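Below is one structure, written out as structure tokens, with a few remarks after it.
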Amino acid sequence: MAVGAPRVDRVGNVEDARAFDFIYHVGPFSLVVALLAGTAGMLAVVTSTSAVLVGVFISVTTVPAAGLAVVAAFAGKWQVALSSLAQLGVNLIGIVVAGVAVLLLLRRDSR
């Protein structure tokens with residue numbers, strides 16, 4: 001190692017990576033983002049705007065939380081893994097609730 005070069009650990013700590021706290025810290029914005037993703041996804045499906053958008057909106061809210069849960073579990077950081085799974089659950093519930101709400105509103109407006 002060169003003199004004065006920063007030391008780089010080969011094994012990082014999942015809990016010290018503050019850049020992705022939002023993935024496993026469930027908060028009010030977690031639900032807001034999930035509701036917006038579900039609404040946008042359902043509107044894209046119903047209006048036949050773009051089926052690709054549905055995958056993007058759903059992936060943005062589910063893949064990071066699921067991925068971090070797996071990585072944290074593999075690293076033995078069970079608290080982070082459980083928090084990530086809680087985040088995933090909030091995201092999935094928000095997406096479903098928003099999708100159902102959009103369908104109910106569209107059904108009511110069509111009457």
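The residues of the chain are indexed from 1 along the displayed sequence. Atom set for the values below is all heavy atoms of this structure, side chains included, hydrogens, waters and symmetry mates excluded. Predicted model, so just to flag it, every value in this text is computed and none were measured.
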Test of understanding: with side-chain contact (heavy atoms from CB on, under 4.5 Å), list the residues that count as partners of Thr39, not counting sequence neighbours. Leu43, Ala98, Val102
Minimal heavy-atom distance between Ser30 and Asn91, with the atoms involved, is O-OD1, 3.7 Å
Each residue besides Phe74 in its hydrophobic cluster should be listed here, by chain and number; the cluster joins Ile, Leu, Val, Met, Phe, Trp and Tyr at side-chain heavy-atom distances under 4.5 Å. none
Residues that Val96 engages under side-chain contact (heavy atoms from CB on, under 4.5 Å), provided they are two or more places apart: Val100
Where do Ala81 and Ala73 come nearest, in terms of heavy atoms and distance? CB-N, 3.9 Å
Which residues satisfy the side-chain contact (heavy atoms from CB on, under 4.5 Å) test with Ala86, sequence neighbours excluded? Val26
Working to the nearest 0.5 angstrom, can you tell me the gap between Gln87 CD and Thr62 OG1? 11.0 Å
So, for Leu88 and Ala66, which heavy atoms are closest and what is the spacing to 0.1 Å? CD2-CB, 4.2 Å
Is there a chain of hydrophobic side chains (I, L, V, M, F, W, Y, each step under 4.5 Å between heavy atoms) that links Leu103 to Leu105? no
Shortest non-hydrogen contact between Ser59 and Pro64, atoms and distance: O-CD, 3.4 Å
With the side chain counted from C-beta on, respond yes when Val80 and Ser84 share a heavy-atom pair under 4.5 Å apart, and no when they do not. yes
Partners of Val70 by side-chain contact (heavy atoms from CB on, under 4.5 Å), sequence neighbours excluded? none
List, by chain and then residue number, the residues other than Val32 in its hydrophobic cluster (Ile/Leu/Val/Met/Phe/Trp/Tyr, side-chain heavy atoms under 4.5 Å); write none if there are no others. Leu36
